[in-house]
Amino acid sequence: MEVNFEKEAAIVEAVLFLESEPLATEALAQAAQLSQNVVEECIVLLKEKYAREDSGVELAVITGGYVLTPKKDIWNTVKERYGKKNEVRLSKA
């Protein structure tokens with residue numbers, strides 16, 4: 001029997017959208033209230049979804065956690081407006 005992970009993938013996607021920091025699989029499972037195995041399957045589905053040309057974001061792994069980021073070719077278009085926000089967050093130190 002094949003399991004349909006669309007609803008669970010939507011939950012994982014929403015958690016990733018709402019989080020500002022990368023989440024490891026364990027933390028993502030806890031936040032989404034799903035098992036790690038289900039989250040791992042959802043990650044595969046989301047990677048496939050974001051690999052399409054009509055998607056402006058991708059699922060990236062940063063410091064061992066998953067995060068939604070703009071695709072590199074899209075980033076060049078939006079970085080003038082949104083890249084400055086990240087610079088402001090950095091301390092002068």
Side-chain angles (χ1 to χ4, degrees):
M1 180 176 169
E2 191 171 315
V3 178
N4 186 343
F5 287 99
E6 289 181 10
K7 182 178 179 184
E8 290 85 355
I11 294 168
V12 171
E13 181 178 40
V15 169
L16 289 167
F17 176 78
L18 293 169
E19 289 291 333
S20 58
E21 300 295 323
L23 290 179
T25 308
E26 305 83 38
L28 192 50
Q30 184 177 8
Q33 299 179 358
L34 299 168
S35 73
Q36 270 191 270
N37 291 338
V38 170
V39 168
E40 289 168 1
E41 288 295 323
C42 293
I43 293 295
V44 171
L45 290 175
L46 291 172
K47 283 183 179 180
E48 291 171 3
K49 175 181 178 177
Y50 297 132
R52 298 184 351 212
E53 285 187 36
D54 64 346
S55 175
V57 297
E58 63 186 348
L59 188 59
V61 178
I62 299 175
T63 63
Y66 293 97
V67 65
L68 292 176
T69 62
K71 286 187 175 177
K72 290 176 184 155
D73 57 332
I74 302 287
W75 178 244
N76 289 327
T77 304
V78 299
K79 74 179 176 181
E80 183 64 33
R81 177 178 176 109
Y82 296 100
K84 304 257 185 237
K85 289 182 180 181
N86 291 334
E87 290 173 8
V88 173
R89 288 184 180 174
L90 298 176
S91 68
K92 297 201 185 238

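In this text, all values refer to a predicted model and were calculated from it rather than measured experimentally. No hydrogens, no waters, no symmetry mates; every other heavy atom, side chains included, goes into these values.
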Nearest non-hydrogen partners of [X] and [Y], listed with the distance:
{"X": "Pro22", "Y": "Thr63", "result": "CG-OG1, 4.1 Å"}
{"X": "Val12", "Y": "Cys42", "result": "CG2-CB, 3.9 Å"}
{"X": "Thr69", "Y": "Ala60", "result": "OG1-CB, 3.8 Å"}

Look up atom [atom1] in [X] and atom [atom2] in [Y], then write down how far apart they are to the nearest 0.5 Å.
{"X": "Glu48", "Y": "Leu59", "atom1": "CD", "atom2": "CG", "result": "11.5 Å"}
{"X": "Leu16", "Y": "Leu28", "atom1": "CG", "atom2": "CG", "result": "5.0 Å"}
{"X": "Gln36", "Y": "Gln30", "atom1": "CD", "atom2": "CD", "result": "10.5 Å"}

Task: Ile43 side chain near Thr25 side chain, heavy-atom distance below 4.5 Å - done: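 No, too far: nothing below the 4.5 Å cut-off.
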Open item on the list: Would you say that Glu19 contacts Tyr66 through its side chain, given a criterion of any heavy-atom pair below 4.5 Å between the two side chains?
Closed with: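 Heavy-atom side-chain distance check fails, nothing below 4.5 Å.
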Task: Nonpolar side-chain network containing Val67, other nodes, edges under 4.5 Å - done: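 Ile62, listed by chain and number.
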Task: Residue pairs involving residues 22-41 (criterion salt bridge (charged side-chain N to carboxylate O under 4.0 Å, His left out); sequence neighbours excluded) - done: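 Sorted result for residues 22-41: empty, none.
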Task: Residue pair Lys71, Asp73: steps toward the salt bridge (Lys or Arg N to Asp or Glu O under 4.0 Å) verdict - done: CA-CA 6 Å; Lys71 286 187 175 177; Asp73 57 332; over 6 Å; no
TODO: Identify, with sequence neighbours excluded, every residue that meets salt bridge (charged side-chain N to carboxylate O under 4.0 Å, His left out) alongside Glu58.
DONE: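 Once residues adjacent in sequence are excluded, Glu58 has no partner under the salt bridge (charged side-chain N to carboxylate O under 4.0 Å, His left out) criterion.
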Task: Pair Tyr50-Glu13, side-chain donor/acceptor within less than 3.5 Å - done: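 Checked: Tyr50/Glu13 side chains pair up, N/O donor to acceptor below 3.5 Å.
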Task: Linked, directly or transitively: Val44 and Ile11 (ILVMFWY side chains, under 4.5 Å) - done: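 Looking at the clustering, Ile11 is in a separate group from Val44.
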